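Lettering of chains follows the sequences in order, A, B, ..., and the numbering in each one begins at 1. The shown structure was predicted, so the numbers you read here are calculated from the model rather than taken from an experiment.
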Amino acid sequence: MRKTARVVDADYRIDGDKPVVRLFCESSEGSFVAVDRDIRPYFYALGDDLEEIKKEISGGFEEEDEELPVIDTEIVERTDLNQEIEALKVYTTVPPKIPKLRRQVAQLKEVSDTREFDIPFYKRYLIDNEITPARTLELELSDDEEYDYALEKVRGLVEEELEHSTAAFDLEVIDDEIIMAAFRTDTEEKLFTTADIELGFVETLESEEQLLKRFKEYIKDEDFEIITGYNTDEYDFKRLRERFEKYNLTLDIGRLDERMKFDRRGRFSSARVKGRMHLDLYPFISHVMAPGLESETLDLDSVAEELLGRKKDDVSFEQMKDWWRNQQNLEEFAKYALKDADLAYELAEEIVPQIMELSRITGLIPFDASRLTYGQLTENYLLREAFNRDMISPNRPFRDERQKRRRQGAYSGGFVYSPEPGLYDEIALLDFKSLYPTVMVSHNISPDTLDVEGCEESFELEEFDYEFCQDEQGFFPELIESLIEERTEIKNKLENIENGGKKHKSLDSRQRALKILANSFYGYLGYEGARWYSREAAEATTYLGREYIQDAVKHSEEEGFEVVYGDTDSVFLRKQDLKNEIEGFLENVNAELPSFMELELEGYFKRGFFTSTDSGEGAKKKYALLGEDGSMKITGFEQVRRDWSPIAKETQEKVLRKVLENEPEAAAEIVKETIEELNDGKVDVEKLKIYTTLTKEPEEYGSTAPHVEAVKKARKRGEEIKPETTVAYVITRGGGTISSRAELVKYADSYDAEYYIDNQIIPVSLRALKVFGYTEDQLKGKGKQSGLGRFGG
DNA sequence: CTTGACCGGGG
DNA sequence: GTGTACGGTCAAG
């Protein structure tokens with residue numbers, strides 16, 4: 001029979017001595033599991049005499065009483081970087097035998113190398129059978145004795161818009177007990193709790209055990225396709241597992257009554273719910289989206305504020321504990337819990353379509369696509385594209401190789417133009433569209449075009465003793481070019497589609513996913529853990545990037561522009577009649593660039609402020625811009641970091657705003673007033689708290705740190721503070737070191753004005769005001785200001 | 001300037 | 001599970 005369906009999850013089991021791949025599918029008639037039992041795991045062996053290797057290994061091996069059979073071999077032709085080679089494909093019975101068998105085979109003297117022995121089996125299967133998750137496929141199915149169907153054949157179908165039933169959830173845990181579980185789904189808001197709360201969305205359960213049972217029942221009954229939340233891997237599901245265990249309950253919320261398990265991946269573990277897509281939003285935000293976000297902290301509230309424009313309203317954990325212990329304000333507590341599920345749901349509406357698109361492009365199951373880092377995303381895409389081209393993949397470097405790569409040290413990165421510190425009016429920001437990817441395409445920079453033997457036309461760089469062959473397009477440039485071209489096509493289509501509609505959203509998600517991937521190749525080349533690592537290619541790319549931006553700077557100066565600043569792929573320019581001049585300038589520059597590259601106008605700014613380093617030179621990567629709409633964009637200043645007190649951050653923001661309004665005197669006045677308030681003892685301790693996370697038991701810390709000392713003292717007072725708690729402390733008055741005077745906010749009966757002035761207010765303020773001739777003493781009102789107005793007007 | 005410890009998100 | 005994977009910042013050396 002035939003069915004139209006999407007594969008949303010995949011894994012494998014061992015049935016006897018045969019692997020069975022399970023594909024979890026969704027169709028318009030519901031979900032089902034299709035299995036493939038006709039598969040043989042394999043890896044490659046290389047050497048000069050493959051026939052001899054074949055003979056040597058045909059009897060199989062044994063290791064610690066485990067049979068490692070070789071059930072078949074096959075000599076195949078493959079491309080290895082820029083060489084055509086023959087490889088021996090070695091098959092065995094089940095996947096876990098692959099690494100062991102490979103070790104045995106690698107030891108033979110005839111074997112020069114072994115390849116593709118460390119690719120998780122479900123990934124290998126999806127690649128080899130050209131199954132792309134999250135795409136609509138036509139499946140040819142037959143009956144299976146154990147699962148819904150056996151898979152016979154797969155055929156791809158056209159793209160269609162995806163809709164997935166989604167539930168976002170959030171737990172509230174107090175004193176290790178799960179007291180609330182909030183859900184926001186496509187159709188309703190729901191809160192399970194053990195408290196008596198009279199609100200429409202609340203369902204009260206009589207015990208935590210009942211709550212857990214209801215949690216599971218709800219997910220299974222509603223049969224959600226996507227379960228999401230914020231940091232659910234590392235928090236919510238860990239708590240759930242502990243509490244389910246406590247009551248001897250099974251945490252089986254997937255589609256096959258199998259217990260949820262944690263997949264280990266490096267320093268994280270991921271909660272795998274078989275058959276549903278558990279997509280934790282936090283890893284995707286931190287791995288993939290963070291570089292493009294302004295917010296420096298990635299807590300749910302900040303991220304939601306930036307991406308959704310939702311106002312922050314965070315309740316402190318202390319506050320919640322008090323509410324719960326005194327059984328007060330429970331309605332408010334419930335609303336707070338629901339708000340977090342709500343934010344996660346709304347974030348998911350923005351982010352999940354991008355994850356699904358990345359999954360479609362890279363061929364990773366959504367579970368993986370949502371959690372992998374940039375490098376891993378790129379590598380999985382490369383593995384699939386390499387397979388499609390009959391290429392054999394390089395091995396992942398082992399520890400010693402990684403160390404070697406690391407020891408080579410850094411190569412030069414982007415060019416940064418040193419700004420003259422001060423204020424500038426009316427500036428234009430120009431930048432190269434995807435500088436590194438387009439450089440790689442324009443000059444055919446790729447691991448497989450490096451130093452090709454017998455190459456006819458090479459691109460050489462005087463500085464380096466290697467070259468890139470231009471005879472045939474390389475692997476990376478080919479992939480980048482097609483990704484960028486597809487993206488351009490989609491962007492053109494988008495211009496003719498009304499914003500806000502479903503079609504628009506799905507295309508927009510796709511173009512973003514394509515951008516993410518196209519931009520990942522350069523970083524991947526220089527990533528020490530990469531299979532296709534090429535320091536030469538990475539180094540040549542940044543070298544050329546520097547050439548292009550420096551050319552642009554030179555060109556601007558020749559055409560009478562004042563270059564204010566530039567970094568890697570951007571330049572800030574100034575000139576009389578700026579807006580009229582820019583257009584022609586861009587045309588001239590672009591006419592000289594390779595056709596795939598483009599310098600474009602990012603925008604105009606009313607004013608820009610560039611600060612100085614301690615030694616008085618122009619600081620790089622630290623500036624503030626005032627947009628034409630009055631918005632302020634701050635780069636590199638402390639203002640957004642959480643290890644600074646609120647008062648320091650607020651003061652810096654106010655100071656920068658005044659500076660951008662060309663009122664440095666008013667800015668200095670703000671600092672003086674703040675200092676006065678601090679000295680008068682008028683400042684609320686809430687504005688003085690500094691957050692740090694206690695990561696281990698206080699005794700285990702080698703060095704003294706303020707937050708550790710504060711916790712030690714609080715514990716002596718009987719406070720229970722466990723590792724992994726984020727504490728807020730204040731530096732109080734008295735003698736001794738700073739650490740010895742640190743107290744948790746609730747125990748702070750005074751504050752050390754001098755500390756906050758010298759270590760918080762003065763440093764952040766001087767960062768902006770030193771340029772205008774202010775010194776520490778002047779801001780403290782102790783001396784005269786010199787050189788005022790140097791940059792005024 | 002280089003090296004090693006620490007930290008993130010969640011309650 | 002064809003396992004064992006980050007990247008940036010800051011204080012100390």
Worksheet item: Looking at C:dG3, B:dG10, B:dG11, which one has an atom nearest to any side-chain atom of A:Tyr336?
Response: B:dG11
Worksheet entry | Closest listed nucleotide, where the reference is the side chain of A:Lys261 and the choices are C:dG1, B:dG11, B:dG10 | C:dG1
Worksheet entry | Atom of A:Leu279, atom of A:Pro366 and distance for their closest heavy-atom approach | CD2-O, 3.5 Å
Worksheet item: Is it the case that A:Ser302 and A:Glu305 place a side-chain donor and acceptor less than 3.5 Å from each other?
Response: no
Fill in: Atom-pair distance (OH on A:Tyr125; C1' on C:dG1), nearest Å
19 Å
Item to complete: Answer yes if the ring centres of A:Tyr436 and A:Tyr522 are under 6.0 angstrom apart, and no otherwise.
Response: yes
Item to complete: Taking only the side-chain heavy atoms of A:Leu298 (C-beta and beyond), determine which of B:dG11, B:dG9, C:dG3 contains the nearest atom.
Response: B:dG9
Worksheet entry | Spacing of A:Lys274 atom NZ relative to C:dG1 atom P, expressed in whole Å | 9 Å
Worksheet item: Do the ring centers of A:Tyr122 and A:Tyr12 come within less than 6.0 Å of each other?
Response: no
Response to the item:
Between CD of A:Glu116 and C1' of C:dG3 the distance, given in whole Å, is 18 Å
Worksheet entry | Candidates C:dA5, C:dC6, B:dG9 - which lies nearest the side chain of A:Tyr230 | B:dG9
Worksheet item: Any idea how A:Phe333 and A:Tyr336 line up, ring-wise: parallel (<30°), tilted (30 to 60°), or perpendicular (>60°)?
Response: tilted
Item to complete: Rounded off to whole Å, could you give me the CZ-to-P distance for the A:Phe398 and C:dG3 pair?
Response: 9 Å
Worksheet item: With respect to the side chain of A:Asp299, which nucleotide from B:dG11, C:dG1, B:dG10 is positioned closest?
Response: B:dG10
Practice prompt. Under 4.0 Å between any heavy atoms, over every strand shown, what does A:Arg402 touch: base, sugar-phosphate, or nothing? Just pick one.
Written response: sugar-phosphate
Worksheet item: Reckon A:Tyr12 touches a base, only the sugar-phosphate, or nothing at all at heavy-atom distances under 4.0 Å?
Response: sugar-phosphate
Worksheet item: Which nucleotide in the set C:dA5, B:dG9, B:dG11 lies at the smallest distance from any side-chain heavy atom of A:Gln376?
Response: C:dA5
Practice prompt. Have a look at A:Arg102 and say if it touches a base, only the backbone sugar-phosphate, or nothing, with a 4.0 Å heavy-atom cut-off.
Written response: nothing
Fill in: Interatomic distance at C1', B:dG9 relative to C:dG7, whole Å
15 Å
Discussion item. For a quick check of understanding: with a heavy-atom distance under 4.0 Å over all strands, which category does A:Asp175 fall into, base, sugar-phosphate or nothing?
Written reply: nothing
Discussion item. Need one value for A:Asp263: base, sugar-phosphate or nothing, where a base atom within 4.0 Å counts as base even if backbone is also close, heavy atoms only.
Written reply: sugar-phosphate
Fill in: Nearest-Å distance for atom pair CZ/P, residues A:Arg241 and B:dG11
19 Å
Worksheet item: With a non-hydrogen cut-off below 4.0 angstrom, is A:Asp170 in contact with a base, only sugar-phosphate, or nothing?
Response: sugar-phosphate
Practice prompt. When you get a sec, tell me which of C:dG3, C:dG1, B:dG11 is the closest nucleotide to the side chain of A:Arg264?
Written response: C:dG3
Discussion item. If I take atom CZ in residue A:Arg405 and atom P in nucleotide C:dA5, what distance separates them, rounded to the nearest angstrom?
Written reply: 14 Å
Fill in: C:dC6 to C:dG1 separation - P atoms, rounded to the nearest Å
16 Å
Worksheet item: Among C:dC6, B:dG11, C:dG1, which nucleotide sits nearest the side chain of A:Glu172?
Response: B:dG11
Discussion item. Regarding A:Pro120, tell me which of base, sugar-phosphate or nothing describes its non-hydrogen contacts under 4.0 Å with the strands shown.
Written reply: sugar-phosphate
Worksheet item: Between A:Arg239 (CZ) and B:dG9 (P), how many Å, whole number?
Response: 17 Å
Worksheet item: When we call it a touch if two heavy atoms are under 4.0 Å apart, what does A:Leu171 touch: a base, just sugar-phosphate, or nothing?
Response: sugar-phosphate
Item to complete: Check A:Arg384 against A:Ile127 and note the closest heavy-atom contact, atom names and distance.
Response: NH2-N, 3.8 Å
Discussion item. Quick one about A:Ser393 and A:Glu116 (side-chain donor to acceptor, distance below 3.5 Å, no hydrogens or angles considered), yes or no?
Written reply: yes
Discussion item. How many whole angstroms separate atom NZ of A:Lys238 from atom P of B:dG9?
Written reply: 16 Å
Item to complete: Please work out if A:Phe43 contacts a base, only the sugar-phosphate, or nothing of the nucleic acid, heavy-atom cut-off 4.0 Å.
Response: nothing
Practice prompt. Measure from the side-chain heavy atoms of A:Leu300 and tell me the nearest of C:dG1, B:dG10, B:dG9.
Written response: B:dG10
Worksheet item: To the side chain of A:Arg396, which of B:dG9, B:dG11, C:dT4 is closest?
Response: C:dT4
Worksheet item: What is the nucleic acid contact for A:Pro41, judged by heavy atoms within less than 4.0 Å: base, sugar-phosphate only, or nothing?
Response: base
